[in-house]
2 protein chains.
Amino acid sequence: MSLRFALLAMLTSQPMTGYDVYKNFETSVGYVWHAPDSQIYPELRRMEQDGLIRGETVPWGRKGTKKRYEITVDGVAAFRAWLNEPPQYTRERDPLRLRAAYLEWAEPDAGRQFFRDHIDYHGGRIRDWEDMIRTLRDHTNPTLARRLEGQPEDEWQRIVEYKVFAYEGLIERARAEVAWAERGLALVDRLEGAERPASS
Amino acid sequence: MSLRFALLAMLTSQPMTGYDVYKNFETSVGYVWHAPDSQIYPELRRMEQDGLIRGETVPWGRKGTKKRYEITVDGVAAFRAWLNEPPQYTRERDPLRLRAAYLEWAEPDAGRQFFRDHIDYHGGRIRDWEDMIRTLRDHTNPTLARRLEGQPEDEWQRIVEYKVFAYEGLIERARAEVAWAERGLALVDRLEGAERPASS
DNA sequence: ACAGACTACCTATGTTCATAGTTAGTTGGC
DNA sequence: GCCAACTAACTATGAACATAGGTAGTCTGT
């Protein structure tokens with residue numbers, strides 16, 4: 001059900017086509033939510049049926065057309081209602097931690113590689129999110145810029161700060177992952193002294 | 001595909017029925033992986049077809065029977081292969097961070113409640129995982145105890161340490177979430193000075 | 001003028017997972 | 001002797017998501 005609200009969130013900044021949404025999920029916004037186009041187009045149609053958004057066919061080039069959706073009053077109300085209701089936490093399902101718990105069955109080098117990959121992956125995400133925060137703070141983020149256009153200037157701070165804060169949360173969590181994986185490398189070295197083979 | 005390996009992981013400690021697996025997912029092991037029984041029974045049948053586990057019908061009471069599965073040599077090999085191959089990281093999809101990024105649309109009190117819920121939820125998980133670590137360290141965890149029975153004593157340390165370390169990772173991440181949510185409470189107080197209503 | 005990249009939208013298929021049931025036997029307490 | 005709780009296993013349905021295609025039009029550089 002979150003896809004629907006991710007789409008509403010995007011459409012609160014400006015009207016967009018399904019393709020625009022897809023592109024945003026592929027790049028910047030994709031740092032916090034992602035969906036393939038095969039999920040986006042049908043969901044937009046359902047949302048239009050439910051009156052949350054309104055589609056308008058606009059010309060594109062000489063013969064082409066595209067469908068631009070804008071959020072409706074009902075859509076804004078639904079988005080607000082979602083934000084005001086308590087979130088539900090889903091059950092734990094952590095394939096990486098599952099692996100880590102059984103590393104005594106793996107080759108020591110596979111264990112080391114696992115933690116190095118973990119550090120690389122989360123290090124990369126941290127850099128992405130730090131860049132994102134920079135573009136939010138200096139208002140060079142295009143989606144943010146278009147959002148701010150429609151808002152009074154004394155609201156700008158609130159809008160920016162909540163978004164920056166969300167990305168800071170992702171960064172804090174990723175830093176915890178990196179710190180953990182670094183301890184993991186040391187653990188493998190400690191447990192797998194020299195020649196020890198994988199457990200039987 | 002991870003469910004399959006979660007099941008193999010459990011069956012490396014001892015033979016189990018589908019119901020045993022289900023009960024474990026509901027309680028202790030559920031702290032790291034969870035699945036409903038409607039997913040477990042069919043997957044066990046598929047795994048038996050693929051030769052990863054072997055099912056044996058055993059009597060239960062006077063008329064009842066149950067099917068106990070044990071892991072096969074092929075199953076152990078498949079589990080090892082999974083652990084040795086590099087994990088694949090899935091795309092970001094974080095409904096809670098999505099919410100947090102748009103809290104300027106919510107009621108201030110809903111924002112505060114959001115962060116308090118976040119602290120409560122992750123605080124609870126931390127306590128669960130800390131208890132789990134205690135039962136791993138003192139070998140009172142029944143699943144661990146049965147696993148150690150089948151292993152030479154000089155392997156015990158490795159087996160326990162990797163499991164403890166996995167839970168420590170969950171705890172570190174959850175602590176980052178709590179710290180973030182505490183900063184979030186302060187942020188709401190700072191941005192929503194007194195009477196300010198939700199943004200338009 | 002045309003190839004190649006991009007925009008725009010769509011469909012099909014299969015997996016994973018949640019939710020909500022059903023059936024049948026067992027065990028323990030009163 | 002019977003009820004409640006538990007053990008054991010199964011089925012049906014729908015949402016969410018991944019993967020992999022397809023069609024048609026547009027734009028840009030050479």
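Just so it is clear: chains get the letters A, B, ... in the order the sequence lines come, proteins before strands, and each one is counted from 1.
With sequence neighbours left out, Asp74(A) forms a side chain to side chain donor-acceptor pair (under 3.5 Å) with no residue at all. Among residues two or more places apart in sequence or in another chain, the side-chain contact (heavy atoms from CB on, under 4.5 Å) test is passed with Pro95(B) by Ser2(A), Trp33(A). For Asp131(A), the side-chain contact (heavy atoms from CB on, under 4.5 Å) partners two or more places apart in sequence, or in a different chain, are Arg134(A). Under the side-chain contact (heavy atoms from CB on, under 4.5 Å) criterion, Glu92(A) pairs with Tyr121(B), Arg125(B), Trp129(B), Arg173(B), not counting sequence neighbours. Every residue two or more places apart in sequence or in another chain was checked for a ring-ring contact (aromatic ring centres under 6.0 Å, His included) with Trp60(B), and none qualifies.
Applying the 4.0 Å criterion to OP1 and OP2 of dC9(C), one finds that Lys67(A) has every side-chain N and O outside that range. Checking the phosphate oxygens (OP1, OP2) of dC10(C), a side-chain nitrogen or oxygen of Arg45(A) falls inside 4.0 Å. Here Tyr41(A) does not reach the OP1 or OP2 of dC10(C): none of its side-chain N or O atoms lies under 4.0 Å away.
In this structure, His34(B) atom NE2 and dA18(C) atom P are separated by 6 Å, rounded to whole Å. Put simply, CZ on Phe25(B) is 14 Å from C1' on dT16(C), counting in whole angstrom units. Whole-Å rounding puts the Tyr69(A) OH to dA8(C) C1' distance at 11 Å. To the nearest angstrom, C1' of dC17(C) lies 10 Å from CG of Leu3(B). Remark: P of dC10(C) and CD of Gln39(A) are 15 Å apart, rounded to the nearest angstrom. Distance Tyr22(A) OH to dT7(C) P: 10 Å, rounded to the nearest Å. In this entry the distance linking CG of Asp50(B) with P of dT15(C) reads 12 Å, nearest Å. In this structure, Leu44(A) atom CG and dC9(C) atom C1' are separated by 11 Å, rounded to whole Å.
Ion pairing between a basic and an acidic side chain is recognised when a charged N comes within 4.0 Å of a carboxylate O; Glu168(A) and Arg137(A) show such pairing. No salt bridge links Arg158(A) with Glu153(A); every basic N to acidic carboxylate O contact stays at or beyond 4.0 Å. Remark: Arg80(A) does not engage Glu107(B) in a salt bridge, criterion side-chain N to carboxylate O under 4.0 Å.
Shown here for Ala35(B) and Ile40(B), the closest heavy-atom pair between the two residues is O-CD1, 3.6 Å.
The side-chain hydrogen bond (donor to acceptor under 3.5 Å, both in side chains) analysis of residues 4-27 of chain B, with sequence neighbours excluded, yields the pairs Arg4(B)-Glu43(B), Arg4(B)-Asp50(B), Thr12(B)-Arg147(B), Gln14(B)-Arg146(B), Thr17(B)-Asp20(B), Glu26(B)-His34(B). Counting only residues at least two apart or in different chains, side-chain hydrogen bond (donor to acceptor under 3.5 Å, both in side chains) contacts with residues 63-73 of chain B comprise Glu48(B)-Lys67(B). Sorted by first and then second residue, the ring-ring contact (aromatic ring centres under 6.0 Å, His included) pairs involving residues 169-189 of chain A (not counting sequence neighbours) are Phe115(A)-Trp180(A), His118(A)-Trp180(A), Trp180(A)-Phe165(B).
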Protein-proximity profile, nucleotides 20-30 of chain C, B/S/- by nucleotide at the 4.0 Å heavy-atom cutoff, equals B----BS----
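Under 3.5 Å, the side chains of Asp117(B) and Gln113(B) contain a donor-acceptor pair of N or O atoms.
Here the range on DNA chain D touched by chain A, meaning any atom under 4.0 Å from one of its heavy atoms, is dA16(D) to dT26(D).
A residue-by-residue look at Pro42(B) and Arg46(A) shows that Pro42(B) has its nearest nucleotide of DNA chain D further toward the 5' end.
For the contact set between residues 87-101 of chain B and DNA chain C, defined by any heavy atom under 4.0 Å, there are no members. DNA chain C lies under 4.0 Å from at least one heavy atom of each of the following residues of residues 10-18 of chain A: Thr17(A), Gly18(A).
Counting heavy-atom neighbours within 6.0 Å of Arg183(A) CZ, excluding the residue itself, gives a total above 12.
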